[in-house]
**Q** 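One structure, as structure tokens, below. Some questions next.
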Amino acid sequence: MNITIIAVGKIKEKFYRDAISEYAKRMSRYGKFDIIEVSDEQTKENASDTENEMVKQKEAERILKSIKADAHVITLEILGKKTDSVGFAEKLNKLALNGNSHIVFVIGGSLGLHESVSKRANEKLSFSDMTFPHQLMRVILTEQIYRAHRIMNNEPYHK
């Protein structure tokens, strides 16, 4: 299984990078795992709705350029479907069994995702009704992908 996370912006904090790196290393035994960072746009403090929409549009163009045509795309959105870790593992396993060899998760920038990215998604996933910093969300998603692999391979995992 080939899994890619496409995320807007770079992670500046070393502790987040270290956590992601550790889970990526652990996942290497299960398949290919990549993270593609697309550059974010500067957002003004008191930007208008139109300006914010333009920022999301520019970020969307970068995201969409990074998605291959045959990829199964799952966007992370507050209004997406919620699941538990076992359900997430079952979803990934089902996708793999149905021939979806490349799964792409998309994490938007600080303003969220442009509707063009949402429309490209095959599925929308939510981890919570709460909003998380997108840097932290990368850590959480990477950990859950690793946990899903453990579950799919009937290996012990923390419940």
Side-chain angles (χ1 to χ4, degrees), residues 1-13 16-17 19-21 23-24 27 30-43 47 49-152:
M1 183 183 303
N2 181 6
I3 295 180
T4 301
I5 296 174
I6 298 174
V8 174
K10 293 199 176 299
I11 294 184
K12 296 168 188 77
E13 296 84 357
Y16 287 144
R17 288 193 315 267
I20 292 167
S21 179
Y23 287 118
M27 277 191 283
Y30 300 111
K32 191 168 187 231
F33 175 77
D34 292 305
I35 296 179
I36 297 171
E37 294 179 333
V38 299
S39 59
D40 55 348
E41 286 292 311
Q42 292 288 359
T43 308
D49 290 343
T50 303
E51 290 171 315
N52 285 337
E53 195 63 23
M54 287 173 44
V55 165
K56 290 194 300 185
Q57 173 64 43
K58 288 179 183 175
E59 292 174 347
E61 289 169 7
R62 294 180 190 124
I63 291 168
L64 293 170
K65 281 183 189 173
S66 300
I67 299 173
K68 294 183 178 162
D70 64 341
H72 185 90
V73 178
I74 302 172
T75 53
L76 273 59
E77 303 185 36
I78 290 175
L79 298 177
K81 183 179 178 194
K82 293 182 184 78
T83 187
D84 60 15
S85 295
V86 173
F88 183 64
E90 289 169 352
K91 171 49 103 179
L92 292 183
N93 196 40
K94 185 185 263 186
L95 287 170
L97 291 173
N98 289 334
N100 294 294
S101 61
H102 190 196
I103 301 166
V104 173
F105 292 91
V106 180
I107 301 173
S110 59
L111 297 175
L113 292 170
H114 188 265
E115 66 181 50
S116 61
V117 178
S118 284
K119 286 179 182 174
R120 170 58 180 91
N122 299 94
E123 300 179 54
K124 296 167 180 55
L125 177 67
S126 173
F127 277 76
S128 173
D129 289 332
M130 291 187 236
T131 302
F132 296 103
H134 55 276
Q135 298 93 335
L136 179 58
M137 196 62 237
R138 271 191 244 183
V139 176
I140 294 168
L141 176 59
T142 305
E143 188 279 334
Q144 284 298 303
I145 294 168
Y146 169 69
R147 183 181 298 265
H149 283 298
R150 304 264 314 168
I151 293 168
M152 289 186 288

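The model shown is predicted, which means the values in this text are computed figures rather than measured ones.
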**Q** Taking only residues at least two apart or on different chains, which pairs with a member in residues 95-117 satisfy salt bridge (charged side-chain N to carboxylate O under 4.0 Å, His left out)?
**A** E115-K119
**Q** Going by the rule salt bridge (charged side-chain N to carboxylate O under 4.0 Å, His left out), which residues pair with E90 if we only count those two or more places apart in sequence or in a different chain?
**A** none
**Q** Scan for side chain to side chain donor-acceptor pair (under 3.5 Å) pairs involving residues 93-106, sequence neighbours excluded, and state none if there are none.
**A** T4-H102
**Q** Please report the closest heavy-atom contact between M152 and M1, naming both atoms and the distance.
**A** CE-CE, 4.4 Å
**Q** By side chain to side chain contact (heavy atoms under 4.5 Å, CB included), which residues pair with S116, not counting sequence neighbours?
**A** A60, L64, H114
**Q** Output all residues satisfying salt bridge (charged side-chain N to carboxylate O under 4.0 Å, His left out) with D70, sequence neighbours left out; order by chain, then residue number.
**A** none
**Q** Can you sort out the partners of S110 under side chain to side chain contact (heavy atoms under 4.5 Å, CB included), two or more places apart, ordered by chain and number?
**A** T43, H134
**Q** A71 and N122: which non-hydrogen atoms are nearest, and at how many Å?
**A** O-OD1, 3.7 Å
**Q** Holding to side chain to side chain contact (heavy atoms under 4.5 Å, CB included), I want the full list of residues that pass it with E51, two or more places apart in sequence or in another chain.
**A** K44, A47, S48
**Q** Who pairs with K91 by side chain to side chain contact (heavy atoms under 4.5 Å, CB included), at least two apart in sequence or on another chain?
**A** L95, E123
**Q** Under the salt bridge (charged side-chain N to carboxylate O under 4.0 Å, His left out) test, which residues partner K82, sequence neighbours left out?
**A** D129
**Q** Considering residues at least two apart in sequence or located in another chain, which fulfil the salt bridge (charged side-chain N to carboxylate O under 4.0 Å, His left out) criterion with R150?
**A** E155
**Q** Restricting to pairs with a member in residues 49-99, which pass ring-ring contact (aromatic ring centres under 6.0 Å, His included), not counting sequence neighbours?
**A** F88-F105
**Q** Sequence neighbours left out, what passes side chain to side chain donor-acceptor pair (under 3.5 Å) with T142? Give chain and number order.
**A** none
